[in-house]
Colleague: 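Sharing a structure below in structure tokens format, with a few things to ask.
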Amino acid sequence: MNQLDRSAQIGFVGLGNLGLPMVSALVSAGWPVTAYDIRPNAVSAAVAKGASGAASLRDLAGCRVLALAVPDDAAVSAVVRTPGLLASLADDPLVVVHSTVLPATANALGQELADSSTTAFVDAPVSGGFERAERGDLTVMVGANAEALRLAQPYFDTIAGDVVHVGAPGAGSAVKLANQLMMFAALAGAHEALDLAQAYDVDAATVLKVAGTSTGDSWVARSWGFFDQVASAYDAADVPVAYRPWSKDLWDIVAAARTAGVSLPVAGLLAQTMAETVERHAARSS
């Protein structure tokens with residue numbers, strides 16, 4: 001397959017909290033992008049950043065790269081399996097799934113494309129948040145064969161500061177869920193720690209200052225307020241709580257663990273409590 005360069009047309013599907021800034025980074029770097037979302041206002045926002053707007057998936061015909069940042073497994077499968085879509089792409093096409101999905105879903109899609117077409121597939125969930133996405137500085141966890149990674153490298157060089165090849169399709173999703181579990185476990189601990197200190201009339205800022213130079217330090221503590229901002233962005237976009245990471249991703253972690261026969265009691269507890277904790281704190285902070 002021929003290596004990608006910045007003349008390759010990218011069809012980007014899903015223009016939410018990460019998808020839209022990723023499109024902005026690609027356009028800023030000179031890639032031609034055709035952007036699609038089921039929400040016309042999201043497409044308009046991408047057009048304002050320099051992308052071409054698509055009214056439907058059919059308008060992605062001729063794209064070399066099909067990149068997805070849609071909400072869940074069902075949406076990813078629906079897009080990739082849209083009748084005629086893959087056949088309408090340019091020669092040597094590449095499908096890149098940035099969505100957080102179950103490892104089994106990514107593995108099945110990778111196998112399906114390997115068995116039925118010449119389309120390269122990359123399982124490539126991302127982490128880093130809105131600001132890093134807009135700077136093209138995300139972390140990408142890549143599940144792909146070596147040829148697909150080689151093909152996608154110029155694209156990844158634009159959107160990411162760190163690209164880690166973690167294995168075959170499905171491995172990227174597994175690592176993303178592992179990262180989410182570590183993050184949300186730290187977030188739950190931080191909320192409880194601050195509640196404890198505040199019960200003794202110590203304000204949150206003081207605790208976080210101490211934690212910053214102590215063993216309680218974490219990305220969560222250093223980025224306190226991040227999830228309040230993300231929740232506010234989801235509110236503005238009318239994203240249901242069930243599709244927000246502190247709900248959806250944690251239930252995905254539990255489902256992946258069940259499939260693998262792994263016991264994750266902390267994840268089970270967080271799946272039942274984390275969404276209420278994050279949403280309640282965000283509402284108080286707004």
Colleague: For residues 54-66, dump all side-chain donor-acceptor pairs below 3.5 Å to protein atoms at least two apart in sequence or in another chain.
Modeller:
from, atom 1, to, atom 2, distance (Å)
S56, OG, R58, N, 3.3
D59, OD2, A55, N, 2.7
D59, OD2, S56, N, 3.3
R64, NE, D91, O, 3.1
R64, NE, D92, O, 2.5
R64, NH2, N2, O, 2.5
R64, NH2, D92, O, 3.4

Colleague: If I take atom CE from residue M274 and atom CG from residue D249, how far apart are they, to the nearest 0.5 angstrom?
Modeller: 12.5 Å
Colleague: With a 4.5 Å heavy-atom cut-off, do L187 and W224 have their side chains touching?
Modeller: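 The answer is yes, as the side chains (C-beta and beyond) meet within the 4.5 Å cut-off.
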Colleague: Verify the neighbour count for atom CZ of R280: are there more than 12 heavy atoms of other residues, nucleotides or ligands below 6.0 Å?
Modeller: yes
Colleague: Would you call K176 and V101 a side-chain contact if the rule is heavy atoms closer than 4.5 Å?
Modeller: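 No, too far: nothing below the 4.5 Å cut-off.
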Colleague: Side chains of L181 and L270, heavy atoms from C-beta outward: is any pair under 4.5 Å?
Modeller: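 Yes. Closest side-chain heavy atoms under 4.5 Å.
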Colleague: At their closest point, which heavy atom of A275 faces which heavy atom of V241, and how far apart are they?
Modeller: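 For A275 versus V241, the nearest heavy atoms are CB-CG1, 4.2 Å.
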Colleague: Where the side chain of W246 meets the backbone of F184, is there a donor-acceptor pair that is under 3.5 Å apart?
Modeller: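 A pair under 3.5 Å: no.
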Colleague: Hey, does the side chain of T82 reach the backbone of V79 with a donor-acceptor pair shorter than 3.5 angstrom?
Modeller: yes
Colleague: So how far is it from N17 CG to R244 CZ, rounded to the nearest 0.5 Å?
Modeller: 10.0 Å
Colleague: Once you round to the nearest 0.5 Å, how far does CZ of R81 lie from CG of L85?
Modeller: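 Between atom CZ of R81 and atom CG of L85 there are 13.0 Å.
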Colleague: Give a yes or no on whether the backbone of L20 and the side-chain of S24 come within a donor-acceptor separation of less than 3.5 Å.
Modeller: no
Colleague: Output every pair passing ring-ring contact (aromatic ring centres under 6.0 Å, His included) with a member in residues 120-171, not counting sequence neighbours, ordered by first then second residue.
Modeller: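 Listed once each, the pairs are H98-Y155.
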Colleague: Are M22 and L138 close enough that some pair of their side-chain heavy atoms sits under 4.5 Å apart?
Modeller: yes
Colleague: Any donor-acceptor pair under 3.5 Å linking the side chain of Q180 with the backbone of L250?
Modeller: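 Pair absent, no side-chain N/O of Q180 close to backbone of L250.
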Colleague: Does any N or O in the side chain of S99 come within less than 3.5 Å of the main-chain N or O of V70, such that one atom is a donor and the other an acceptor?
Modeller: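 Side chain of S99 to backbone of V70, a donor-acceptor pair under 3.5 Å: yes, one is there.
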Colleague: If you draw a 6.0 Å radius around CD in E131, do more than 12 non-hydrogen atoms from other residues or ligands fall strictly inside?
Modeller: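 It does not: E131 CD has 12 such atoms or fewer within range.
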Colleague: Say whether, by atom type as modelled, one donor and one acceptor occur between the side chain of S286 and the main chain of A283 under 3.5 angstrom.
Modeller: yes
Colleague: Taking all non-hydrogen atoms of both residues, which atom of D162 and which atom of R132 are closest, and how far apart?
Modeller: OD2-NH2, 4.5 Å
Colleague: Keeping the roles fixed (side chain from R222, backbone from D217), state whether a donor-acceptor pair exists under 3.5 Å.
Modeller: no
Colleague: Look at the side chain of D73 and the backbone N and O of T105, then say whether any donor-acceptor pair between them is shorter than 3.5 Å.
Modeller: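 It does not hold such a pair.
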Colleague: Please determine whether residues V230 and V278 belong to a single hydrophobic cluster, defined as Ile, Leu, Val, Met, Phe, Trp and Tyr linked transitively by side-chain heavy-atom distances below 4.5 Å.
Modeller: yes
Colleague: Donor-acceptor pair, distance only, cut-off 3.5 Å: does the side chain of S247 make one with the backbone of Y243?
Modeller: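 Not a single qualifying donor-acceptor pair exists.
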Colleague: For the residue pair N107 and Q111, confirm or rule out a side-chain donor-acceptor distance under 3.5 Å.
Modeller: no
Colleague: First locate atom NZ of K248, then atom CD1 of I253, and finally report the distance between them rounded to the nearest 0.5 Å.
Modeller: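 Atom-to-atom, K248:NZ and I253:CD1 are 9.0 Å apart.
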Colleague: Kindly compute the distance separating OG (S285) from CZ (F227), expressed to the nearest 0.5 Å.
Modeller: 13.0 Å
Colleague: Roughly how far, to the nearest 0.5 Å, is CG of L194 from NE2 of H281?
Modeller: 7.0 Å
Colleague: How about P245 and Y234: do any of their side-chain heavy atoms sit closer than 4.5 Å?
Modeller: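 In short, these two side chains touch, coming nearer than 4.5 Å.
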Colleague: Is there a side-chain contact between W219 and M182 in this structure, where contact means two heavy atoms from C-beta onward sitting under 4.5 Å apart?
Modeller: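 With C-beta onward as the side chain, the pair stays apart.
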Colleague: Is there side-chain contact between V254 and L264, with at least one heavy-atom pair below 4.5 Å?
Modeller: no
Colleague: For A190 and V220, work out which heavy atoms get closest and say how close.
Modeller: CB-CG1, 4.0 Å
Colleague: Where do D123 and A168 come nearest, in terms of heavy atoms and distance?
Modeller: OD2-O, 4.5 Å
Colleague: Tell me whether the count of non-hydrogen atoms from other residues, nucleotides or ligands lying under 6.0 Å of CD in E276 goes above 12.
Modeller: no
Colleague: Can you tell if the side chain of L86 reaches within under 4.5 Å of the side chain of L113, non-hydrogen atoms only?
Modeller: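 Yes, side chains in contact.
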Colleague: Testing the basics here: between G143 and V166, what is the closest heavy-atom pair and its distance to 0.1 Å?
Modeller: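 The answer is N-CG2, 4.4 Å.
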Colleague: side-chain contact (heavy atoms from CB on, under 4.5 Å), that's the test. Do V27 and K49 meet it? Break it down for me.
Modeller: CA-CA 7 Å; V27 170; K49 292 181 178 295; 5.7 Å; no
Colleague: Backbone N or O of P40 within a donor-acceptor pair of the S44 side chain at under 3.5 Å?
Modeller: yes
Colleague: I'd like to know whether Q153 forms a side-chain contact (heavy atoms from CB on, under 4.5 Å) with V163, so could you lay out the CA-CA distance, the side-chain angles of the two residues, the decisive distance to 0.1 Å, and finally the verdict.
Modeller: CA-CA 9 Å; Q153 194 64 56; V163 180; 4.3 Å; yes
Colleague: Spell out, yes or no, whether L18 and L177 are grouped together once hydrophobic residues are joined by side-chain heavy atoms under 4.5 Å, including indirect joins.
Modeller: no
